[in-house]
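Ligands are counted one by one from 1 in listed order, and the atoms in each one are counted from 1 as well. Side chains are part of it too, since the values below use all heavy atoms of this structure and drop only hydrogens, waters and symmetry mates.
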Amino acid sequence: MAARVVDGKAVSAKVRGEVKVRVDGLRARGVQPCLAVVLVGEDPASVVYVRNKSKAAQEVGMEAREVKLPKDAHTADVVKAVRALAHDDSVDGLLVQFPLPAQVDQRAVVDCLPPEKDVDGFTFVQAGRLLRSEPALVPCTPAGVMRLLAECDVKVAGKHAVVVGRSLLVGKPMGLLLMGANATVTTCHSRTADLPGHVGRADIVIAAIGKPEFIQGAWLREGAAVMDVGINRGDDGKLRGDVHYASAAARASWITPVPGGVGPMTIAYLLQNTVEAAAARRDKRPPSTPIPGLR
Ligand code: GUN
């Protein structure tokens, strides 16, 4: 089977269009949604990500605020900056770009994020709500993957999904969302015995292990849908996913390219979470990322 290629850019544009309609509606009520991003240091990839997030926010009519701290900032400096934005009533969505420099205590920073502005879904409250199948701000990348599956009409209920990766950002919430959509979920990781065997039993493979071209097409069941979350920059400057694209595309039913697959969905759902946080705060209800297929 030659896979159909998932057009993440097109689906992302569709989601951003939906967000813009909601932003326009809020602005008509006199509410200006605002995303604030805290960047510590000058990690080149993070600088680009933050710039792209701000630009995308402005394109849908949001205000984008960037707070930049030097690379030698201490935990207390970052906490102070986050607390100021937490208490700023004009800020709806607040995120701290990761990774943070080694001297900064990431957990202390996350713990001072106000849950109702936590558009990454990292706080105890939002992560706990997701775990309990309650309305939550859901981490952007797994939310985007759920939307891609729905847009490609890949049925999730009753299917076997294999998630490769167990991070707070992707693997764990991805497994919860797929379970919530009635998939049978296997979570694999770097210490899993017989990874090819597990991947070979999957109807849906989510690759989020952070190793370039690690998952081989020969491992896949014929007709599996493959969502590649990996973004690995090689020494040649080229971006590669976690899946060996050419061999996987020969067996899969659907495959996401890198770049242009899952990546654009992360920003689209960041905007979705920000407009939802803005609306929910005004309506005095808990924010809830719209996820297709949840029970
Ligand atoms: N760094 C890489 N991906 C992300 C993300 O989704 N959120 C944050 N805050 N930092 C990141």
Do E276 and R285 meet the salt-bridge criterion of a basic N to acidic O distance under 4.0 Å? yes

Parallel under 30°, tilted from 30 to 60°, perpendicular over 60°: which one fits the rings of F214 and W219? perpendicular

Can you list every pair where an N/O of ligand 1 is under 3.5 Å from an N/O on the protein?
from	atom 1	to	atom 2	distance (Å)
ligand 1	1 (N)	Q97	NE2	3.2
ligand 1	1 (N)	F98	O	2.9
ligand 1	7 (N)	D120	OD1	3.0
ligand 1	7 (N)	D120	OD2	3.4
ligand 1	9 (N)	V96	O	2.7
ligand 1	9 (N)	D120	OD2	2.7
ligand 1	10 (N)	F98	N	3.0

side-chain hydrogen bond (donor to acceptor under 3.5 Å, both in side chains) between D228 and T256, intermediate numbers included: CA-CA 6 Å; D228 190 347; T256 57; 5.5 Å; no

Is it true that E213 and R240 have a side-chain N and a carboxylate O under 4.0 angstrom from each other? yes

Short N-O contact, K14 and D7, less than 4.0 angstrom: no

Considering only NZ, NE, NH1 and NH2 on the basic side and carboxylate oxygens on the acidic side, decide whether D24 and R22 come within less than 4.0 Å. no

